[in-house]
Amino acid sequence: RAKQTHGCSYAIFETSRDSDPATHITLEPELWEALRQEQFVLFYQPRIDLRTGKIIGAEALMRWRHPERGLVQPDEFIPVAEKTGLIVPMGYWAIHQAGQDMRRFRDAGFRYGSIGVNLSFRQFKDEFLARTIRRIIDKNEIDPTRLEFELTESALFADETHVQSCLKELSELGIDFSLDDFGTGYSSFALLQKLPISTLKIDKSFVGGVNSSKDDEEIVRAVINLAHNLNKKVIAEGVENKAQLEFLIRHECDQVQGYFFSPPVPVEDFMRMLRNN
Ligand code: C2E
Ligand code: MG
Ligand code: MG
Ligand code: MG
């Protein structure tokens, strides 16, 4: 199903199982309950700086500790949360939780760059987004310079002035923004210049094709060059093997994230990694 906004049509819901209305109906009250009972957890996937070979931060990724089903992956509930609007309170919870975890990292004396939290396009429909994030930051004494938000290109299709003012307000606090899954959406170069986005994250579908598809290799190289020419950092997602890593080093990608180094892990495991960093 394509959604019509500001004359741009884009498909968001077409692939996932949430297109099955039954899933959506049964899951919504369960998700509310999960939020209330604090069944969501954040896992952390380290990001590695290719210049130093050290962990420079992590992406926070939500999981659902379901009382019967065990650990449920985001693909099974985030699309429903987006569709029902529940992603708004869930997203605020994630920022709050990441802030608590960042405090633990700081108290343990760890040195790290930043923690990335995903923001859904749907959260930009909330007129209080920037104000609420500010409040969460103040109340929890979160260091905004260690916080980074990952947006997908779909977020940029929301009300443009609202997105622009949110990003501006938050970036003035020292928060960085990165563009997630870059290359799979419809971002325009004009928007890339206009918005305070400091990092491009190359989608794992392109990274996965390195060393097997010439086209994917060209795309990865082009995105690295584009990022650097626009004075942005570039991160490759989904690095699974040494050949991909070597390609990325050769083409001067800044950071990598992927199963080759580590899958997303519970916070205690991530802290162990920081300790040995
Ligand atoms: P994403 O933000 O693009 O996150 C990267 C996804 O790639 C994660 O999937 C991660 O586990 C996976 N990944 C990392 N390295 C590799 C690799 O080497 N190979 C492969 N095949 N996959 C790798 P995950 O954790 O299942 O999350 C899926 C998506 O769910 C995320 O994609 C993000 O869009 C969404 N999501 C997760 N947590 C949150 C959240 O707190 N808020 C919002 N709005 N969305 C979230
Ligand atoms: Mg992400
Ligand atoms: Mg991604
Ligand atoms: Mg994604």
Side-chain angles (χ1 to χ4, degrees), residues 12-13 15-18 31 34-35 39-48 57-65 71-101 114-126 129 133 136 147-155 158 176-185 187 197 199-211 220 223 234-245 248 255-267 269-270:
I12 287 172
F13 301 124
T15 50
S16 44
R17 8 175 283 170
D18 76 317
L31 287 174
L35 194 58
Q39 291 172 358
F40 294 114
V41 281
L42 291 181
F43 273 33
Y44 289 88
Q45 184 178 39
R47 274 187 283 111
I48 286 80
E59 175 171 7
L61 292 153
M62 211 185 287
R63 268 90 183 106
W64 178 9
R65 280 200 200 284
L71 202 63
V72 182
Q73 299 295 315
D75 290 347
E76 302 220 22
F77 63 89
I78 296 279
V80 179
E82 287 181 330
K83 202 167 186 177
T84 57
L86 259 166
I87 194 68
V88 173
M90 284 164 66
Y92 288 138
W93 171 83
I95 300 166
H96 171 266
Q97 186 57 51
Q100 305 277 308
D101 292 340
S114 62
I115 298 297
V117 176
N118 291 284
L119 274 190
S120 161
F121 73 97
R122 182 63 178 72
Q123 293 176 262
F124 284 91
K125 298 218 172 110
D126 173 8
L129 182 66
I133 290 175
I136 294 173
L147 187 59
E148 184 161 340
F149 287 121
E150 301 193 0
L151 316 172
T152 54
E153 292 157 288
S154 56
D176 278 334
F177 290 92
S178 59
L179 210 45
D180 207 349
D181 306 342
F182 188 76
T184 60
S187 51
I197 290 167
T199 307
L200 303 183
K201 296 191 81 173
I202 310 175
D203 191 68
K204 57 178 176 288
S205 61
F206 304 118
V207 177
V210 163
N211 287 302
V220 169
V223 177
V234 59
I235 302 179
E237 293 195 293
V239 177
E240 294 185 347
N241 59 51
K242 194 150 176 263
Q244 291 164 353
L245 175 65
L248 293 161
Q255 296 176 27
V256 289
Q257 169 181 344
Y259 296 167
F260 184 65
F261 295 96
S262 170
V265 294
V267 64
D269 296 1
F270 176 61

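If you read the sequence from its start, that first residue is 1, and numbering goes on from there. Ligands are counted one by one from 1 in listed order, and the atoms in each one are counted from 1 as well.
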Exercise for the section: Please name the atom of Glu59, restricted to N, O or S, that is closest to the Mg ion (ligand 2). Expected result: OE2
Handout entry: Presence of salt bridge, Arg122 and Glu82, under 4.0 angstrom
Key = no
Handout entry: Numbered atoms and elements of ligand 1 in range of Pro74, under 4.0 angstrom, heavy atoms
Key = 24 (P), 25 (O), 26 (O), 27 (O), 28 (C), 30 (O), 37 (C)
Practice task
For ligand 1, indicate whether the residue Glu59 contacts it via side chain, backbone, both or neither (heavy-atom separation under 4.0 Å).
Solution key: side chain
Exercise for the section: Identify which of Phe261, Trp93, Phe260, Tyr259 has a heavy atom lying nearest to atom 17 (C) of ligand 1. Expected result: Tyr259
Exercise for the section: Return the name of the atom in Asp181, of element N, O or S, nearest to the Mg ion (ligand 3). Expected result: OD1
Fill in the blank from the handout: Quick note on ligand 1: atoms under 4.0 Å from a heavy atom of Glu240 include exactly 17 (C), 18 (O), 19 (N), 20 (C), 21 (N)
Practice task
Could you tell me whether Asp75 approaches ligand 1 through its side chain, its backbone, both or neither, with non-hydrogen atoms closer than 4.0 Å?
Solution key: side chain
Exercise for the section: Measure the acute angle between the ring planes of Trp93 and Phe40, then classify it against the limits of 30° and 60° as parallel, tilted or perpendicular. Expected result: tilted
Practice task
Check Glu237 and report its N/O/S atom nearest to the Mg ion (ligand 3), by atom name.
Solution key: OE1
Practice task
Quick one: list whatever passes side-chain hydrogen bond (donor to acceptor under 3.5 Å, both in side chains) with Arg63, sequence neighbours left out.
Solution key: Gln73
Exercise for the section: Could you tell me whether some N/O pair between Asp181 and ligand 1 is separated by less than 3.5 angstrom? Expected result: yes
Handout entry: the Mg ion (ligand 2) to nearest N/O/S of Glu150 below 2.8 Å
Key = yes
Handout entry: Atoms in ligand 1 with a heavy atom of Gln45 nearer than 4.0 Å
Key = 14 (C), 15 (N)
Practice task
Taking only heavy atoms of Met62 into account, list the atoms of ligand 1 that are under 4.0 Å away from them.
Solution key: 37 (C), 38 (N), 40 (C), 41 (O)
Exercise for the section: Compute the minimum heavy-atom distance from Pro264 to ligand 1 and say whether it is under 4.0 Å. Expected result: yes
Practice task
Answer yes or no for Asp180: is there an N/O/S atom below the 2.8 Å cut-off from the Mg ion (ligand 2)?
Solution key: yes
Problem - Under-4.0 Å heavy-atom contact with ligand 1, by part of Asp180 that carries it - result: side chain
Handout entry: Whether Arg63 lies under 4.0 Å from ligand 1, heavy atom
Key = yes
Handout entry: Residues in ring-ring contact (aromatic ring centres under 6.0 Å, His included) contact with Phe206, at least two apart in sequence or another chain
Key = none
Practice task
May I ask you to check whether Thr152 brings an N, O or S atom to under 2.8 Å from the Mg ion (ligand 2)?
Solution key: no
Handout entry: Minimum non-hydrogen distance to atom 7 (O) of ligand 1, winning option of Lys204, Glu82, Gln244
Key = Lys204
